[in-house]
2 protein chains.
Amino acid sequence: MRLKPVARKSLSDAVFEQLSQEIVHGRMRPGTPLPSERALCDVLRVNRGAVREALKRLSQAGLIAIQHGGGTRVLDFKQTASLDLLNRLLFHHDGTVDLRVARSVMEMRAAMAPDIARLAALRRSPGQVLQLDEVVAAMAAQEHDLLALQVLALQFWDLLTVCSENIAYQLAFNGLRHSYEGMREALVEVMGEELRDLAAYRRIAEAVRRRDGEGAGQSAQALMQHGSRGILQLLAALETSTDQQEEGEEDEDDDDPRT
Amino acid sequence: MRLKPVARKSLSDAVFEQLSQEIVHGRMRPGTPLPSERALCDVLRVNRGAVREALKRLSQAGLIAIQHGGGTRVLDFKQTASLDLLNRLLFHHDGTVDLRVARSVMEMRAAMAPDIARLAALRRSPGQVLQLDEVVAAMAAQEHDLLALQVLALQFWDLLTVCSENIAYQLAFNGLRHSYEGMREALVEVMGEELRDLAAYRRIAEAVRRRDGEGAGQSAQALMQHGSRGILQLLAALETSTDQQEEGEEDEDDDDPRT
DNA sequence: TTGTTAAACTGGTATGACCAGTTGACCATC
DNA sequence: GATGGTCAACTGGTCATACCAGTTTAACAA
């Protein structure tokens, strides 16, 4: 019996959700003025407090700009939002994963991971080496349970970012992890190869132990290539298969440049 | 006469500011229960709506967890917050820059920039090449105005991230830019050398024009080293100079508990 | 043209009430 | 002793109604 906590959403959460979807999926172009708070209350049938809480959050997320007395307008989230928004961008309305966004996540991951490993090797404490060993040992023990491996791999990288003593990496990792967990189930086959490459994880841990920054970075880079290759293939396959179904769905500003 | 828009803060902004500072700067440890909303109203002398708006934002930022009926408690922001928080972490209470955080930003920047340049070279459109040329030309024209160069450099990187067609990089760049602009004035001497290396920017733009991903990446990596070297020197100088003033300020938990 | 004024917006703050979920102490039951 | 029910006292969530404060517009005066 697999039970999980029931989802509970407050009104302001629902309002936030609804408005952010409208903005992110392009139904409200940047510059568009939002209805006034009182008008939103009428439309959404909620009290003004709920609307204001949602608007404040949208403002913090960089999706809208609120001006006392002067109305509220939609911003261009690509220029003002930050990494938090990835979770929302990762899924279409129908719940399927946006592979373009997924590719972005994988590319960023591939760029950061080697540097995280490098810094971790240079700055790790003795105790952290032991913790890494424990995680790698646990991975070896659960070699055939992909789901468990995925959790352990996340733990592995979490540890490395802590070792790196780089707060920017830690925070970025938190954000990426949320996105990552969202598409985890959808991409098990893509990540399977990477997760099973226990030797690579071991090489990283070993390099960290000997304070070999370059070695750790190279091993991490090699490990990342599994997932990167997988997502690229998936993307290529999907693009050729959907080109005939829906052509020109995205505003493709003349991208034939790859001749 | 240099005038700028006057800062205007709403009550909920002030409450958010105050509570987030308390949490981020460690006066409220993770797990600590927050006073109830009504109690906060009494202490802060504001109405409950203002408090609730602030709490909702803190929750979204990953600093607290709110539970209907069950109270509100402080989270460990290093595990739950995302990149937005960098702006707040970058400064101590007294307004001086936290160089450890600044170093983190520079390291992340150095890891991402080469990959951004690489992808930009592979995916840029013809029009974007022209835009890059314009920015580089503008930089050449303002070669002696460091402040103008800084703005143009940001514009240069903004363009590259757009060229890279990687939404994760774009969003991360937005967040980093905020942090970056915060310490801009404090770090002009650190960045001066990098900003004046016009030849490097030109090399990147050229590589992007010829779709030379590797070349663009290498040029970007070389460019980043200016700033990285600068911040490292600054940090080393400052650490040796303050070691006698305040020793052991950081909680160095020599973690070898698993012996 | 310029500056003033007033009305009609907008968002911001305040209050008091009530709804809804959680907690813990108490107590009956088994 | 463990289980489950009840109730009171919390907690956060929702609501309606004021009124304050800043912006925009247009009419109007100098």
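So you know, we letter chains A, B, ... as the sequences are listed, proteins then strands, and number each from 1. The basis for the numbers below is simple: all heavy atoms, side chains too, and nothing from hydrogens, waters or symmetry mates.
An OP1 or OP2 oxygen of dG12(D) is reached within less than 4.0 angstrom by a side-chain nitrogen or oxygen of Thr72(B). A sub-4.0 Å separation between OP1 or OP2 of dG12(D) and a side-chain N or O of Ser10(A) is absent. Look at Arg73(B) and you won't find any side-chain N or O under 4.0 angstrom from OP1 or OP2 of dG12(D).
Glu107(A) and Leu119(B) get closest at one heavy-atom pair: OE1-CD1, 3.2 Å.
Side-chain contact check for Thr161(A) versus Asn166(A): every heavy-atom pair is 4.5 Å or farther apart.
Between His25(A) and His93(A), the ring planes lie tilted relative to each other; the angle falls in the 30° to 60° range.
One atom, CD of Gln67(B), and another, P of dG13(D), lie 10 Å apart when rounded to the nearest Å. Atoms CD1 (Ile66(A)) and C1' (dG22(D)) sit 14 Å apart, rounded to a whole Å. At whole-Å resolution of the value, CD1 in Ile64(A) and C1' in dT10(C) are 14 Å apart. If you measure from atom CG of Leu11(A) to atom C1' of dG12(D), you get 13 Å, rounded to the nearest angstrom. What separates CG of Asp13(A) from P of dG12(D) is a distance of 15 Å, to the nearest Å.
Less than 4.0 Å separates DNA chain D from at least one heavy atom of each of the following residues of residues 30-57 of chain A: Arg38(A), Val46(A), Asn47(A), Arg48(A).
Ion pairing between a basic and an acidic side chain is recognised when a charged N comes within 4.0 Å of a carboxylate O; Lys56(B) and Asp13(A) show such pairing. Salt bridge status for Glu53(A) with Arg57(A): absent, with no side-chain N to carboxylate O gap under 4.0 Å.
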Verdict with supporting geometry, Leu11(B) and Leu44(B), side chain to side chain contact (heavy atoms under 4.5 Å, CB included): CA-CA 10 Å; Leu11(B) 285 187; Leu44(B) 302 169; over 6 Å; no
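Set against dG13(D), dG11(C), dC15(D), the side chain of His68(A) has dG11(C) as its closest nucleotide.
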